[in-house]
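Report on one structure; see the data block that follows.
These numbers come from a predicted model, not from an experiment.
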Amino acid sequence: MSAVEKASPASTAAAESLSERDREILALERLWWQYAGAKEQAIREKFDMSATRYYQVLNALIDREDALAFDPLLVKRLRRLRAGRQRSRSARRLGIDL
């Protein structure tokens with residue numbers, strides 16, 4: 001039984017609503033450590049965009065409900081990491097030690 005056959009109807013519908021590039025971005029985030037060399041190099045080779053633009057696209061993508069339905073564990077982890085970085089930046093600006 002393939003992964004597609006095991007997928008829930010919600011994740012199948014979410015996969016259809018995401019573009020191929022969106023699915024590839026989520027796949028890279030899921031397995032980025034498997035790529036030889038720097039992640040930024042893999043981003044440039046695979047998507048032909050700067051790392052800055054990639055992260056802008058990724059942040060918009062993880063806010064979408066269809067991305068959450070497609071890969072809930074990954075999207076929740078990325079949201080949690082982003083929230084932690086935002087808290088750290090805010091604390092630094094306010095001079096608070098976390």
Side-chain angles (χ1 to χ4, degrees):
M1 185 175 274
S2 73
V4 173
E5 292 169 340
K6 292 180 191 176
S8 70
S11 65
T12 303
E16 291 172 1
S17 69
L18 292 173
S19 70
E20 181 66 27
R21 183 185 77 164
D22 292 341
R23 289 190 300 272
E24 288 178 2
I25 287 173
L26 291 174
L28 177 68
E29 283 300 310
R30 191 178 317 109
L31 303 171
W32 68 266
W33 49 271
Q34 291 182 347
Y35 289 88
K39 183 178 179 182
E40 287 78 17
Q41 181 181 356
I43 290 168
R44 185 159 306 280
E45 290 172 1
K46 190 164 180 113
F47 301 109
D48 193 32
M49 66 175 74
S50 69
T52 302
R53 180 66 186 141
Y54 171 83
Y55 287 112
Q56 290 170 343
V57 171
L58 176 63
N59 276 312
L61 178 59
I62 65 174
D63 286 334
R64 292 175 45 188
E65 289 302 314
D66 50 352
L68 180 63
F70 178 69
D71 195 341
L73 292 175
L74 174 67
V75 172
K76 287 178 184 179
R77 180 175 60 85
L78 293 172
R79 287 178 178 179
R80 189 175 57 250
L81 291 170
R82 180 179 63 184
R85 288 189 302 270
Q86 288 172 338
R87 277 192 303 275
S88 295
R89 276 194 306 273
S90 295
R92 261 195 324 271
R93 285 188 197 122
L94 297 172
I96 300 170
D97 291 328
L98 291 181

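Of the N and O atoms on the side chains of Gln56 and Arg53, at least one donor lies less than 3.5 Å from an acceptor on the other residue.
Annotation for Lys39: atom NZ counts as buried by contact number, over 12 foreign heavy atoms lying within 6.0 Å.
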- Item | Steps toward side chain to side chain contact (heavy atoms under 4.5 Å, CB included) verdict (Asp22, Phe70) | CA-CA 11 Å; Asp22 292 341; Phe70 178 69; over 6 Å; no

- Item | Test log, rule side chain to side chain contact (heavy atoms under 4.5 Å, CB included), inputs Tyr55 and Ile43 | CA-CA 10 Å; Tyr55 287 112; Ile43 290 168; 4.2 Å; yes

- CA sep, side-chain torsions, deciding dist, call: Leu26, Leu18, side chain to side chain contact (heavy atoms under 4.5 Å, CB included): CA-CA 10 Å; Leu26 291 174; Leu18 292 173; 4.1 Å; yes

- Message: Let's go through Phe47 and Val57 carefully: what are the C-alpha distance in whole Å and the side-chain angles of both, what is the deciding distance for side chain to side chain contact (heavy atoms under 4.5 Å, CB included) to 0.1 Å, and is it a yes or a no?
- Response: CA-CA 11 Å; Phe47 301 109; Val57 171; over 6 Å; no

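Taking CZ of Arg30 as the reference point, atom CD1 of Ile25 lies at 12.0 Å (rounded to 0.5 Å). Atom CG of residue Leu61 and atom OG of residue Ser19 lie 8.0 Å apart, to the nearest 0.5 angstrom. With rounding to the nearest 0.5 Å, the separation of OH in Tyr54 from CZ in Arg44 is 13.5 Å. Distance CG/Asp71 to CD1/Ile62: 12.0 Å, rounded to 0.5 Å. Interatomic distance, CZ of Arg87 versus CD1 of Ile96, reported as 12.5 Å (0.5 Å rounding). Between the CG atom of Leu58 and the CD atom of Glu29 there is a distance of 4.5 Å, given to the nearest 0.5 Å.
Electrostatic pairing of Arg21 and Glu24 does not count as a salt bridge here, judged by no charged N lying under 4.0 Å from a carboxylate O.
With hydrophobic clusters built from ILVMFWY side chains whose heavy atoms lie under 4.5 angstrom apart, Leu28 shares a cluster with Met49.
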